[in-house]
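Residue numbers start from 1 in every chain, and the chains themselves are labelled A, B, ... in the order their sequence lines are given, proteins ahead of strands. None of the values given here were measured: they were computed from a predicted structure.
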Protein chains: 4
Amino acid sequence: MQFDNSRPIYMQIMEFIKKQLARGELQPGQKIPSQREMAAELQVNPNTVQRAYREMETMGLLETLRGQGTFISNRPGLLQEIKVELAGSILKRFIVEMRSLGLSAVEIRNLVNQALDQEEEGKSCKAINPRGTCQPHW
Amino acid sequence: MQFDNSRPIYMQIMEFIKKQLARGELQPGQKIPSQREMAAELQVNPNTVQRAYREMETMGLLETLRGQGTFISNRPGLLQEIKVELAGSILKRFIVEMRSLGLSAVEIRNLVNQALDQEEEGKSCKAINPRGTCQPHW
Amino acid sequence: MQFDNSRPIYMQIMEFIKKQLARGELQPGQKIPSQREMAAELQVNPNTVQRAYREMETMGLLETLRGQGTFISNRPGLLQEIKVELAGSILKRFIVEMRSLGLSAVEIRNLVNQALDQEEEGKSCKAINPRGTCQPHW
Amino acid sequence: MQFDNSRPIYMQIMEFIKKQLARGELQPGQKIPSQREMAAELQVNPNTVQRAYREMETMGLLETLRGQGTFISNRPGLLQEIKVELAGSILKRFIVEMRSLGLSAVEIRNLVNQALDQEEEGKSCKAINPRGTCQPHW
DNA sequence: GTGGTCTAGACCACC
DNA sequence: GTGGTCTAGACCACT
């Protein structure tokens with residue numbers, strides 16, 4: 001894994017795990033790599049991994065059992081919370097990037113709507129005409 | 001600059017220059033660093049830079065004058081094209097990421113609308129009450 | 001200050017500050033010693049102090065401003081929360097110690113009631129007869 | 001063992017031995033370590049240990065047999081006396097600490113009663129439902 | 001083996 | 001000066 005110098009490594013590790021969870025690659029209750037293993041894999045100091053794990057435990061995302069390992073919490077609603085949080089940060093970054101191109105709120109809204117509409121068309125088109133000439137417009 | 005292993009470096013260099021252009025950090029007609037300079041700065045093989053420059057010249061984005069250097073094209077409408085292209089790729093990535101969280105088109109639409117509405121509220125709020133208790137709702 | 005080997009130092013620092021706050025020696029909004037100062041005073045590594053400060057910030061007890069220092073939060077109700085928390089831990093320890101002497105719940109209750117009653121008597125006694133023969137019974 | 005700078009060490013040694021007695025770790029009639037041994041173990045001057053032993057002998061807690069060593073007294077009722085004394089000092093400290101948080105006698109009384117009641121509930125709960133959802137209320 | 005704490009010392013970002 | 005992050009390496013407690 002590659003780290004971005006602009007943000008703390010421990011935060012990137014947190015996000016890495018959250019994304020795995022949101023994508024279903026990690027299941028609630030599942031054991032995650034030990035601090036030492038993760039540190040070796042990411043080529044990072046074990047203390048940095050611990051910081052990430054500890055913060056996630058404080059947030060109720062992980063549960064640690066001394067001598068046994070660290071586990072994804074199986075608190076109900078966990079997955080939903082994480083997805084909402086990730087969606088929020090993706091959305092935020094998206095809007096910042098679009099605005100930096102000089103787009104107005106109305107333009108952003110229209111572009112999103114177009115893109116989603118075309119996605120829908122794409123699906124229905126595919127259903128009717130699997131190998132047809134149905135193409136996105138841009 | 002950091003490169004992402006998932007895509008060819010020359011493409012990332014192209015995107016890097018396009019973004020500078022979209023943000024106004026580079027102006028049409030302006031000279032950009034020589035291939036050797038750019039290669040040294042990015043710590044990349046000069047051939048990689050050359051490939052990026054060549055493709056951008058093909059696309060009408062750069063113009064090379066033998067013995068003088070490489071310049072941002074002066075073609076009218078260039079900036080707009082680039083912005084549209086960048087907006088398209090940002091939008092595409094955004095929708096892929098949101099979908100990977102399991103969100104439906106309707107949900108994405110609603111989230112974007114909410115976020116943009118709140119941005120507006122934030123602005124008016126700020127105008128009236130610069131350090132007030134104006135907070136985002138989520 | 002002396003540290004007890006049985007509990008982590010950072011937790012003892014947290015308790016130290018909480019007690020100062022409960023006793024009114026620290027006021028909400030007040031600046032507390034910098035991490036380095038506190039570390040020098042307590043003869044502890046700055047990282048250990050930082051851990052204590054960070055956890056207290058997470059709990060909403062402190063607020064840190066980069067480049068300026070660390071401050072007692074002035075969130076309303078803060079003092080009350082801390083007092084309740086401290087009272088809980090004092091009470092817990094008290095009951096454990098009393099039980100380890102083999103005392104039953106009823107006996108503990110009676111002893112506490114006696115002690116508080118005598119405290120009251122002591123006060124009224126003192127008011128009537130400042131240098132009298134008013135003595136505790138044990 | 002750790003010593004507290006606020007009180008004389010010999011008193012802390014006395015309390016240390018009394019607590020061991022109250023907890024049953026020392027039995028009436030049992031030989032305790034020699035002054036030299038105890039001094040070495042606690043890393044304290046032998047004179048300090050001697051002072052503690054002497055005071056406890058005066059109180060009838062210890063008995064010294066020249067050439068044989070120092071023993072816990074066999075006097076009947078000794079254990080009970082010690083427990084009462086320790087309970088008194090624990091109680092005193094408890095009330096001082098609670099008062100320093102600004103709690104009134106009534107409040108202290110209520111908190112103690114609550115805590116003891118919940119302890120009872122906990123026990124019955126445990127008896128019926130060993131791993132159930134029985135939780136303290138604060 | 002696991003996680004938890006602590007130190008020493010480095011470098012950074014902010015004010 | 002302040003707080004924030006990171007490393008390297010130590011020792012401990014638990015299973």
Side-chain angles (χ1 to χ4, degrees), chain A residues 1-18 26 28-75, chain B residues 1-2 131, chain C residues 1-18 26 28-75, chain D residues 1-2 131:
Chain A
M1 187 181 171
Q2 293 279 23
F3 293 109
D4 175 355
N5 284 329
S6 68
R7 288 174 310 156
I9 294 176
Y10 77 92
M11 283 189 182
Q12 297 182 56
I13 296 175
M14 288 168 69
E15 217 167 82
F16 174 58
I17 293 175
K18 283 182 196 164
L26 287 175
Q30 183 179 340
K31 188 175 185 303
I32 63 174
S34 78
Q35 296 176 1
R36 287 166 176 83
E37 279 173 11
M38 184 66 90
E41 191 186 330
L42 301 181
Q43 300 187 58
V44 161
N45 189 290
N47 283 327
T48 304
V49 175
Q50 197 188 36
R51 169 96 190 251
Y53 281 19
R54 196 185 332 127
E55 303 246 333
M56 294 176 90
E57 190 181 11
T58 304
M59 295 166 54
L61 227 144
L62 299 183
E63 285 173 9
T64 60
L65 297 179
R66 168 139 40 184
Q68 292 187 250
T70 305
F71 302 80
I72 304 289
S73 163
N74 42 30
R75 180 163 55 78
Chain B
M1 186 183 167
Q2 295 277 24
R131 273 172 298 177
Chain C
M1 187 182 169
Q2 294 278 25
F3 293 110
D4 176 356
N5 284 327
S6 69
R7 289 174 311 155
I9 293 176
Y10 78 91
M11 283 190 183
Q12 297 182 55
I13 296 175
M14 290 169 70
E15 217 167 81
F16 174 59
I17 293 176
K18 284 182 195 166
L26 287 175
Q30 184 179 338
K31 186 176 185 301
I32 63 175
S34 77
Q35 296 176 2
R36 287 167 176 83
E37 278 171 11
M38 184 66 91
E41 192 187 328
L42 301 181
Q43 300 187 60
V44 158
N45 189 290
N47 283 327
T48 304
V49 174
Q50 197 188 37
R51 168 97 191 251
Y53 281 19
R54 196 187 330 128
E55 302 245 334
M56 294 176 90
E57 190 182 11
T58 304
M59 295 165 54
L61 228 143
L62 300 181
E63 285 173 7
T64 61
L65 298 178
R66 166 134 49 179
Q68 291 188 248
T70 306
F71 302 81
I72 304 287
S73 164
N74 41 29
R75 179 163 56 79
Chain D
M1 187 185 167
Q2 294 277 22
R131 275 172 296 176

Subject >> Donor/acceptor link under 3.5 angstrom from C/Arg36 side chain onto base of F/dG3 >> reply: yes
Original post:
Which comes earlier along DNA chain E counting from the 5' end, the contact point of C/Tyr10 or that of C/Arg66, where each point is its nearest nucleotide?
Top reply: C/Tyr10
Subject >> Contact under 4.0 Å: C/Thr64 side-chain N or O vs F/dT2 OP1/OP2 >> reply: no
**OP:** Could you check how far CE of C/Met56 sits from C1' of F/dG3, rounded to whole Å?
**Re:** 16 Å
Subject >> Where A/Lys31 and A/Ser34 come nearest, the two heavy atoms and their spacing >> reply: NZ-N, 4.5 Å
Original post:
C/Gln35 has an atom CD; how far is it from atom P of E/dG9, in whole Å?
Top reply: 18 Å
Original post:
Base, sugar-phosphate, or nothing: which does C/Gln43 touch, judged by heavy atoms less than 4.0 Å apart?
Top reply: nothing
**OP:** Tell whether C/Arg54 reaches the base of F/dG4 with its side chain through a donor-acceptor pair below 3.5 angstrom.
**Re:** no
Original post:
Whole Å only: how far is the CD atom of A/Gln50 from the P atom of E/dC6?
Top reply: 11 Å
Original post:
How would you label the contact of C/Glu37 with the nucleic acid (heavy atoms, under 4.0 Å): base, sugar-phosphate, or nothing?
Top reply: sugar-phosphate
**OP:** May I ask you to evaluate whether A/Thr48 reaches the phosphate of F/dT5, defined as a side-chain N or O under 4.0 Å from OP1 or OP2?
**Re:** no
Original post:
Whole Å only: how far is the CG atom of C/Asn45 from the C1' atom of F/dT7?
Top reply: 13 Å
**OP:** Return the nucleotide paired to F/dC12: Watson-Crick means purine N1 to pyrimidine N3 with N6-O4 or O6-N4, wobble means G-U with N1-O2 and O6-N3, both under 3.5 Å.
**Re:** E/dG3
Original post:
For the pair made of CD in A/Glu57 and C1' in E/dT2, what is the distance, rounded to whole Å?
Top reply: 14 Å
**OP:** Would you kindly give the NZ-to-C1' distance between C/Lys31 and F/dG1, to the nearest whole Å?
**Re:** 9 Å
**OP:** In whole angstrom, give the distance that lies between atom CD of A/Gln68 and atom C1' of F/dC14.
**Re:** 9 Å
Original post:
If you look at every strand shown and take non-hydrogen atoms under 4.0 Å, does C/Arg51 touch a base, only sugar-phosphate, or nothing?
Top reply: sugar-phosphate
**OP:** Would you give the length of the straight line joining atom CE of A/Met56 to atom CD1 of A/Ile32, rounded to the nearest 0.5 angstrom?
**Re:** 7.0 Å
Subject >> Spatial distance of atom NZ (C/Lys18) from atom CG (C/Leu26) [nearest 0.5 Å] >> reply: 13.5 Å
**OP:** Kindly say whether, by distance alone, the side chain of C/Asn47 makes a donor-acceptor pair under 3.5 Å with the base of E/dG9?
**Re:** yes
Original post:
At what distance, to the nearest 0.5 angstrom, does OG1 of C/Thr48 lie from CZ of C/Arg51?
Top reply: 9.0 Å
